[in-house]
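Just below is one structure, and these are the notes that go with it.
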Amino acid sequence: MSTDRRRPFPFDQFEPRWQRVWDERQTFHTPNPGEPGFDATRPKFYVLDMFPYPSGAGLHVGHPEGYTATDIIGRYKKMRGFNVLHPMGWDAFGLPAEQYAIKTGQHPRATTEANVANFKSQLQRIGFGYDWQREVNTTDPAYFKWTQWIFVQLYNSHFDTEKNCARPVSELIEKRKAEFLNESEDKRRAFVDSHRLAYVSDAPVNWCPELGTVLANEEVIDGKSEVGGHPVERRPMRQWMLRITAYAQRLIDELDGLDWPESIKIHQRNWIGRSEGAEVKFKIADCPPGMDETITVFTTRPDTLYGATYMVLAPEHVLVEELVTEEQATAVEEYREKATRKSDLERAELTKDKTGVFTGAFAINPVSGERIPIWIADYVLTGYGTGAIMAVPAHDERDWEFARKFALPIREVVSPEPRLALGGGGVCDAEPLECFHGEGYAIHSGPLDGLPTAAAKAEIIRRLEAEGLGKKTINFKLRDWLFSRQRYWGEPFPVVWENGKHRALDESELPVVPPALTDFKPTGTPEPPLSKAKDWVRYQPVHHERGDDVSKAFPLPSLSEIEGVEPCHSTATRELNTMPQWAGSCWYYLRYMDNKNADRFVGAEAERYWTTGTTSHQSPVTSHKVPHGGVDLYVGGTEHAVLHLLYARFWHKVLFDLGHVSTPEPFQRLVNQGLILGEDGQKMSKSRGNVVNPDDVIKEYGADALRLYEMFMGPLEATKPWSMSGVEGVFRFLARVWRLVMEENQAGEWQRSAAVQDVPDWEQSNKPLAKVVHATIKKVGEDIEDLSFNTAIAQMMVCTNALTAENPRPRTAMQLLLQILNPFAPHLTEELWSVVNPNAGLLADLAWPAYDPELLIEDEIELPVQVNGKLREKIVVKKDAAQSDIEAIALACPRVLEHTTGKTVRKIVVVPGRLVNIVAS
RNA sequence: GCCGAGGUGGCGAAAUUGGCAGACGCGCCAGACUUAGGAUCUGGUUCCGAAAGGAGUAGGGGUUCAAGUCCCCUCCUCGGCACCA
C-alpha cells in the first residue's frame with residue numbers, strides 16, 4: 001500500500017486546524033449564570049458522558065461511540081439555541097493505576113497524569129466540542145476535598161424513618177437526650193454511631209488476599225474479584241459502610257419519573273430486591289433457662305406455615321452455639337468451620353448439592369404446635385432476612401431438595417386447584433410427588449383451608465400479629481455499601497481515631513491528602529498501605545482557609561518533606577483505609593457545573609441552573625412522579641446499570657435531603673450505547689488481537705470519518721461489529737461531499753468547484769432538488785432528537801447523491817447540507833463552509849436551518865394497488881383525489897383486471913395516501 | 001433456572017408503528033472515462049424462475065382486507081443475575 005497516495009480530501013491538514021480554531025475561540029465554552037457572556041434567555045441542556053478511567057492502553061473505538069453521540073447532540077442543541085453543558089473529566093483513582101505503579105515502580109500520580117494527557121489528546125483529535133474549562137479529575141485535591149466533604153455529610157447524618165429522609169445527627173442527639181435523660185455519654189454515642197449514614201461495622205467482608213483489599217459484594221463475581229479474577233474469602237474486618245439500605249424504597253419508587261431504558265430500571269429494582277412477607281417467631285422446644293427462647297424467620301409465604309416441617313439457620317447464626325446439643329456439637333462445629341472457610345466460589349460451585357447438619361435442637365411450629373428439628377445449612381444466608389428460615393419442602397425448591405436428601409417430612413399445604421372448602425381440611429395423608437411453588441389454595445392448614453394464597457397470607461399475618469407471634473415485613477436484597485478499601489490510590493477518609501473512637505474532620509481540614517509514599521504495595525495483611533506512612537498516620541491538625549487553592553497540595557514523593565515533619569504530640573491517628581473508586585464518580589456531574597468553586601462542592605446558583613433550568617430560587621422538586629430535572633441526557637454503557645448509577649442516585653438523594661442540591665434524582669434521561677465488537681464479531685480484547693485504535697482510523701481516514709462511521713454502524717444502543725470497509729464507505733461519502741464543493745485544478749490543487757453557483761430562487765425553479773434538501777433538513781433534525789444517527793446519515797447520503805447529479809449546484813443548497821452535516825462531520829463542513837461562504841463566521845456558531853414544509857407537499861402521489869393483499873400495480877393520483885375516483889382508477893388498471901376478472905370484487909380498502917387493496921374472490 | 005435484549009439479503013442495517021419488505025452503506029456484477037485503476041461516474045443486485053409468476057422477515061399456529069410489526073406456542077443467539085426464603 002502506498003503511503004504517499006493522494007488523499008481524496010486533505011483531512012489531515014484541515015482537521016487539526018479547525019480543532020485549533022475551536023480551542024482558540026473557546027467555541028464550546030459555556031459560561032455559568034453570572035459570568036460574562038451568559039445568556040439567561042436561552043434554555044439549558046446538560047448532556048453528559050460517563051467519564052473514562054484513563055488506562056494506560058488509551059482509547060479504543062468503543063469510547064468514542066457514546067462520546068460522538070453526545071457531541072452531535074451537544075452541537076445540535078447549541079445550534080438550536082440552548083446553553084449546552086457538555087463536559088469531560090477523569091475517573092482517575094483506582095486499582096489498575098496502583099497495580100501498574102507497583103509493577104513499574106512509578107508513582108500512580110505520575111502514570112495517571114501521563115494517561116490523562118494521552119486520553120485528552122486522543123479525544124481532542126476526534127474534534128469533540130467539550131468545554132475543557134470544566135474538566136475535572138477525581139485525583140485532584142481540589143476535587144477530592146469535596147468527595148471527602150460529602151463523606152462528612154454522610155457521617156453527620158442519619159436516616160429519619162418518619163420523615164423518610166436524611167437529617168443531621170444533631171437532631172437525633174437532641175431527640176435522644178430528651179428521651180433518655182440519664183443516658184451516659186458513651187451509650188448515647190454508641191446509639192448515634194449506629195445510626196449514621198456512614199458507620200463502622202465488623203461484619204464479615206470479601207477479602208481478596210491477592211489484591212490486598214476488601215471488595216464490595218458487587219465487585220465479587222462467582223467468588224472471584226471482578227478485577228483480575230482472584231479468589232476472595234470472607235473474613236470479619238472493621239470497615240466503613242454506607243447505609244444505602246435506608247434508601248432502598250426510595251431508590252425503587254423514584255425510578256418511576258425517570259426517562260431510562262426499562263431494562264435498566266428492572267435491573268435496579270431486581271438488585272434492590274424488595275420482597276414482602278412476614279417475620280414469624282418460633283419457640284425453641286425444651287428451652288434451656290436464661291436464653292432467648294425464640295427464633296425469628298423471614299418468609300414471603302407465611303400462608304405455608306402449616307407446612308413448615310423443619311427450620312434452618314445460617315451456619316453463622318448467633319443462636320447456633322446456644323442451641324446445639326452435646327451429641328451434635330462436634331458435627332455442627334465442623335460444619336460451621338468448613339462453611340466459614342469456604343469461599344463464595346466454592347459455595348457457588350456446590351449449588352446443586354445441599355449440605356447441612358442437624359443441631360439436635362427442636363422448635364415449635366407456632367400454628368400446628370408440632371416439634372420440628374432445627375438444622376444449619378449454608379444454603380441459608382446470614383445476610384438476608386433474619387438468617388433463619390422455616391423450611392416448607394412441599395412448596396420451596398431448595399427446601400424440597402434438602403428434605404429429600406436428609407429424609408425430612410414433606411407436607412403439602414397448597415394446592416394448585418381449590419380442593420377443599422373453606423374451613424374443611426384434615427391432616428396430610430401422603431407426601432406430594434413434586435414441589436409446587438406457585439400460588440394456589442391452602443389445604444391441610446386449619447383455618448386457612450380453601451383460601452387462595454393472597455388471602456391466606458393476609459389471614460395468617462392477621463392471626464400472627466394478634467398473638468404477637470409475627471408481623472408483616474418487607475425485606476430487601478440490597479446490602480449496605482462496603483465503602484473502605486486497603487489501597488493507596490484512593491481518597492483518604494476525613495476521619496481520625498482517638499481512644500478507639502472515630503471523629504470526622506472539620507471542613508477547614510479538608511482535603512486530607514495521601515502521604516507521599518514511595519512504597520505503597522499492599523502490606524500482605526489487612527493493614528492498609530497507608531500504615532507505612534508513620535508520620536502521616538499521627539494526626540496533626542491542618543487548617544485551610546476557605547477558598548484556598550488546594551490543587552497543588554499533592555506533591556510527588558520527596559524525602560526531605562517527609563522527614564521534615566514535626567514530631568506530633570497528638571494521640572489521634574488517621575483512618576488508614578481509602579475510599580473505593582465509585583466515590584469520585586458518585587458526584588462528578590455536579591462538579592462540572594462549577595468546577596472551580598473553592599467554597600462549595602458546587603455553587604448553588606450554578607447547580608440550580610444546570611439541573612432545573614432556572615436561575616431564580618424556587619422550592620425544590622418534591623413530587624417523584626414528575627420529571628426530576630438534573631442531567632438532560634446521560635450516555636454510557638450498561639456495565640454501570642446498577643453500581644455507579646445506584647451509588648450516584650443514593651449520594652444525590654442524601655445531598656437533596658440535606659438541602660445541597662435541587663432535585664431528588666441526578667439523571668433525568670439515560671441512554672446505553674451498545675458494545676462495539678471486533679471485526680470477527682467477538683468482544684474486542686488485547687488477547688484476541690481485534691482491538692481497533694481510533695488513532696489509526698484517524699490517521700487513515702480522518703476524525704470525521706471515524707465519527708460518522710461510529711454513528712452509521714447501526715442504532716446507538718445495539719451491539720455491532722466494527723468493519724473497516726464500512727469506514728471506507730462513509731469516508732467515500734465525505735469525499736463526495738468534498739467534491740460537491742471542490743475540484744482539482746491543473747496543478748492538482750483543490751479549489752472551489754465551478755459548478756457551485758448562486759442560483760436565485762432555486763427552490764422554486766428546481767422543485768425536486770428543493771424537496772430532497774428540505775426533506776433532509778426535516779429528517780436529520782428529527783433523527784438527531786431521536787438519537788437515530790444512522791438514518792440521519794443515510795438521508796444526508798441521499799441528499800448528497802441528489803446534489804452530485806446537479807449542475808449548476810445552488811450555493812445555498814450546499815450551505816444547507818453543510819449546516820446539518822456539521823454536528824456529524826464538524827471539520828469537513830467548517831472547511832467547506834469557509835470556502836462557500838467566507839467571512840460568515842464559524843458554522844458551529846450558526847443556528848440550525850429551518851425547512852419549508854410547503855416544499856415537501858406533493859401535488860400527485862403514487863399509490864400501490866393490491867389485489868388480495870398482493871402488490872399488482874402502482875397508480876398516480878392527485879393528492880386530494882376522491883376515494884371513488886381512486887377506486888375507479890385502481891379497478892381499471894390492466895394488471896388489476898388480470899387478477900379480478902372472473903371474480904367478484906367484495907371490498908375495496910382505500911387508505912388515503914397509503915395504498916389501495918381490492919378484495920376479490 | 002430466572003430476568004433482559006435480540007433473530008430481516010452474501011454483510012452492517014431501514015421500514016412514518018398494522019399499509020409497497022430490504023432505504024442508506026459494504027460487497028458483488030455490468031458499463032463509461034481512462035496508459036492504468038484498489039480513483040471517479042452510471043446502472044443492476046432478496047431468493048427460485050428464461051419469462052409469466054411464485055416464495056420470502058428463526059419455525060409453527062392465530063387475529064385482520066392487510067402482519068417484520070399484534071396474540072399464543074417452539075427453537076436459537078447475546079447480555080445480566082444466580083440458593084435472597
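Sequence lines set the chain letters: A, B, ... in the order given, protein chains first and strands last, and positions in each chain run from 1. All figures in this text were calculated on a predicted structure; none of them were measured in a lab.
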Exercise. Look at A:Asp12 together with A:Arg7 and state whether they make a salt bridge at an N to O cut-off of under 4.0 Å.
Key: yes
Quiz item: Does A:Asn790 have a side-chain nitrogen or oxygen under 4.0 Å from the phosphate oxygens OP1 or OP2 of B:rA14?
Solution: yes
Exercise. Evaluate the ring planes of A:Trp375 and A:Phe406, with Trp represented by its six-membered ring, and classify them as parallel (under 30°), tilted (30 to 60°) or perpendicular (over 60°).
Key: tilted
Exercise. When you get a sec, tell me which of B:rA21, B:rC24, B:rA66 is the closest nucleotide to the side chain of A:Asn917?
Key: B:rA66
Exercise. For A:Lys907 and for A:Asp396, locate the closest nucleotide of RNA chain B by heavy-atom distance; then report the residue assigned to the nucleotide nearer the 5' terminus.
Key: A:Lys907
Exercise. Output the residues of residues 796-807 of chain A in contact with RNA chain B, where contact means a heavy atom of the residue under 4.0 Å from an atom of the strand; sort by number or write none.
Key: A:Met797, A:Val798, A:Asn801
Quiz item: From B:rA13, B:rA21, B:rA85, pick the nucleotide closest to the side chain of A:Leu381?
Solution: B:rA85
Practice problem: Would you tell me if any nitrogen or oxygen in the side chain of A:Arg736 comes within less than 4.0 Å of OP1 or OP2 on B:rU40? | Solution: no
Practice problem: In whole angstrom, give me the gap between the P atoms of B:rG43 and B:rG53. | Solution: 26 Å
Quiz item: Would A:Phe11 and A:Asp704 satisfy side chain to side chain contact (heavy atoms under 4.5 Å, CB included), going step by step from the backbone distance to the final call?
Solution: CA-CA 8 Å; A:Phe11 61 83; A:Asp704 285 335; over 6 Å; no
Exercise. Just compare B:rA15, B:rA21, B:rG80 and give me whichever is closest to any side-chain atom of A:His267.
Key: B:rG80
Quiz item: Would you say B:rA39 has OP1 or OP2 under 4.0 Å from some side-chain N or O of A:Arg7?
Solution: no
Practice problem: May I ask you to check whether A:Phe9 and A:Phe731 place their ring centers less than 6.0 Å from one another? | Solution: yes
Quiz item: Judged by modelled atom types alone, do A:Tyr379 and A:Asp399 share a side-chain donor-acceptor pair under 3.5 Å?
Solution: yes
Self-check item: Rounded distance [0.5 Å steps], CD in A:Gln751 versus CE in A:Met742
Solution: 8.0 Å
Quiz item: How far, in whole Å, is B:rU63 from B:rC73 if one measures between their C1' atoms?
Solution: 15 Å
Quiz item: Looking for any heavy atom pair under 4.0 Å, which part of the strands does A:Ile389 touch: base, sugar-phosphate only, or nothing?
Solution: base
Quiz item: A:Ser725 has a side chain; which of B:rC20, B:rC26, B:rU40 sits nearest to it?
Solution: B:rC26
Practice problem: Give A:Thr638 one of three labels, base, sugar-phosphate or nothing, depending on what nucleic acid heavy atoms sit under 4.0 Å from its own. | Solution: nothing
Self-check item: ring pair (Phe, Tyr, Trp, His ring centres under 6.0 Å) between A:Phe733 and A:Phe712, intermediate numbers included
Solution: CA-CA 11 Å; A:Phe733 161 65; A:Phe712 190 61; 8.3 Å; no
Quiz item: Can you list the residues that meet the salt bridge (Lys or Arg N to Asp or Glu O under 4.0 Å) rule with A:Lys879, with sequence neighbours excluded?
Solution: none
Quiz item: Base, sugar-phosphate, or nothing for A:Arg906, non-hydrogen atoms under 4.0 angstrom?
Solution: nothing
Quiz prompt | A:Thr245 OG1 to A:Arg479 CZ distance, which is reported to the nearest 0.5 Å | solution = 10.5 Å
Quiz prompt | Closest listed nucleotide, where the reference is the side chain of A:Phe712 and the choices are B:rG25, B:rA15, B:rA21 | solution = B:rG25
Quiz item: Which nucleotide, B:rC83, B:rA15, B:rA13, lies nearest any side-chain atom of A:Asp378?
Solution: B:rC83
Self-check item: Strand RNA chain B in bracket notation, Watson-Crick/G-U under 3.5 Å with | for pairs to another chain
Solution: (((((((..(((......[....)))((((((.......))))))(((....)))..(((((..]....))))))))))))....
Quiz item: What residue pairs, at least two apart or across chains, pass salt bridge (charged side-chain N to carboxylate O under 4.0 Å, His left out) with a residue in residues 772-782 of chain A?
Solution: A:Lys778-A:Glu782, A:Lys779-A:Asp783
Quiz prompt | Separation between the C1' atoms of B:rC11 and B:rG1, rounded to whole Å | solution = 35 Å
Quiz item: For nucleotides 48-56 of chain B, read 5' to 3', which letter fits each nucleotide if B means a protein heavy atom sits under 4.0 Å from the base, S means only the sugar-phosphate is that close, and - means neither?
Solution: -----SSS-
Quiz prompt | C1' gap between B:rG18 and B:rC70, integer Å | solution = 8 Å
Quiz item: Below 4.0 angstrom, N of the basic side chain to O of the carboxylate: do A:Glu276 and A:Arg274 qualify?
Solution: yes
Quiz item: Of A:Arg732 and A:Thr719, whose closest RNA chain B nucleotide lies nearer the 5' terminus?
Solution: A:Thr719
Quiz prompt | Test salt bridge (Lys or Arg N to Asp or Glu O under 4.0 Å) applied to A:Asp396 - qualifying residues, sequence neighbours left out | solution = A:Arg398
Quiz prompt | Trace of the side chain to side chain contact (heavy atoms under 4.5 Å, CB included) decision for A:Ile252 with A:Phe476 | solution = CA-CA 11 Å; A:Ile252 290 175; A:Phe476 295 94; 4.0 Å; yes
Quiz item: Among B:rG4, B:rG12, B:rC20, which is the nearest nucleotide to the side chain of A:Ile266?
Solution: B:rG4
Exercise. Assign A:Ser263 to base, sugar-phosphate, or nothing according to its heavy-atom contacts below 4.0 angstrom with the strands shown.
Key: sugar-phosphate
